[in-house]
Amino acid sequence: MSSTPLSAIAIQGYAGSFHEQAARLHFGAAPALQPCATFQEVVQRVADGRASAGLMAIENTLAGSILPNYLLLQQGTVRVTGEIYLPIRQHLLALPGQTLADIKEVHSHPMALRQCGPFLDQHSWRLVETDDTGRSAQRVREELQWGVAAVAGEQAAHLFGLELLAPDIHADPGNYTRFLALAPATAEAPTLPQADKASLYFHTAHAPGTLARVLTRIAGHGLNLTKLQSSPRPGQPWHYSFHIDVEFDNVYHLHELLAELPELTEDLQVLGIYHRGEMNELLPTPAEPTAACY
Ligand SMILES: O=C(O)C(=O)C[C@]1(C(=O)O)C=C[C@@H](O)C=C1
């Protein structure tokens, strides 16, 4: 949990969403949440100070990387201050009394729909991508959408009085989303003597062995590479930049690596040095609706 007092946290999504759950887990119950329709808005609000911190999903164990969010980090306007691994249980929610045979359409966030591919493929429902799992569930309730189901978590069912028409429809029980906590890039980075993870961004010359040399140095300093994500470089077709996450026991080994990387890379950015997150167990459903916190 964050130790600095925070006034408002920008999150992608609304009441009943997984971002809300992850934000409460990391930042606690006190700070107000600023719901945002897009990830870009989250980053903008943090960067320009309208929010004191932000939370953004970055990857999921079933649906993979959220590539546009790596591009947002590369803009350099925010820095990573922590990470949260949230177990994700997706359910098919509908108005009480509806049966599977009544359903014609299923609404949810695209990442949530992707996590439930094998279940949804068994039906000939129209799939509608929305901005949020929680908001999809809310619309089913407020607009009395008969024939529509939402893919969302149990917290959304609880909050909006919907029934679990089909529980646990995600494709694998080990369904986790990793979220990043964000602060403005301009804010002074606190010294974290216990830091054990870092996120870096760079590109290498388009020549044989350039990335391999970087990876060899990472291994040489005893750092554990936990993520390597390439992303396209605008204006340079088929050239790539790289985002890496590394874990270490002693921050000294990271600094040794950072001292060597400028000669092997271009545009090196340290996106954040932080504590690695814990794999949280399944969370209890909140006892009280949390919408009042916004
Ligand atoms: O729609 C939500 O509830 C969200 O918090 C978004 C989001 C995502 O961006 O991946 C978060 C976690 C789940 O993986 C599904 C959707």
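Atoms within a ligand are numbered from 1 in the order they appear, just like the ligands themselves. Note that the structure is predicted; figures quoted are calculated from it, not measured.
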Checklist entry - Going through the checks in order, is the salt bridge (Lys or Arg N to Asp or Glu O under 4.0 Å) test met by Lys197 and Glu83? => result CA-CA 10 Å; Lys197 188 160 185 176; Glu83 62 173 358; 3.0 Å; yes

Next on the checklist: Looking at ligand 1, is there an atom of it that comes within less than 4.0 Å of some heavy atom belonging to Gln12?
Outcome noted: yes

Checklist entry - Short N/O distance, under 3.5 Å, between Ala112 and ligand 1? => result no

Item to check | Mode of Ser17 contact toward ligand 1 - side chain, backbone, both, neither (heavy atoms, under 4.0 Å) | outcome: both

Checklist entry - For Gln115, is the nearest heavy atom under 4.0 Å from an atom of ligand 1? => result yes

Checklist outcome for this item: Of all protein heavy atoms, the one nearest atom 3 (O) of ligand 1 is Thr133 OG1, 2.5 Å

Item to check | Region of His109 that comes within reach of ligand 1 [heavy atoms, distance under 4.0 Å] | outcome: side chain

Checklist entry - Under 6.0 Å between ring centres, would you say that holds for His239 and His206? => result yes

Checklist entry - Centroid-to-centroid, Phe248 to His253, below 6.0 Å? => result no

Item to check | Contacting atoms of ligand 1, where contact means under 4.0 angstrom from a heavy atom of Ala57 | outcome: 8 (C), 9 (O)

Next on the checklist: As a test of understanding, state which of Gln115, Gln21, Glu59, Met111 forms a side chain to side chain contact (heavy atoms under 4.5 Å, CB included) with Thr177.
Outcome noted: Gln115

Checklist entry - For atom 6 (C) of ligand 1, which protein heavy atom lies nearest, and how many Å away is it? => result His19 ND1, 3.5 Å

Next on the checklist: Regarding ligand 1, does Gln90 bring an N or O atom to under 3.5 Å of one of the ligand's N or O atoms?
Outcome noted: no

Checklist entry - Is any side-chain heavy atom of Leu211 closer than 4.5 Å to a side-chain heavy atom of Phe202? => result yes

Next on the checklist: Is the terminal nitrogen or CZ of Arg135 (NZ for Lys, CZ for Arg) located under 6.0 angstrom from the six-membered ring centre of Tyr14 and within 45° of that ring's axis?
Outcome noted: yes

Checklist entry - Just heavy atoms, cut-off under 4.0 Å: does Phe39 contact ligand 1 by side chain, backbone, both, or neither? => result side chain

Next on the checklist: Regarding Arg24 and Glu20, does a basic nitrogen lie under 4.0 Å from an acidic carboxylate oxygen?
Outcome noted: no

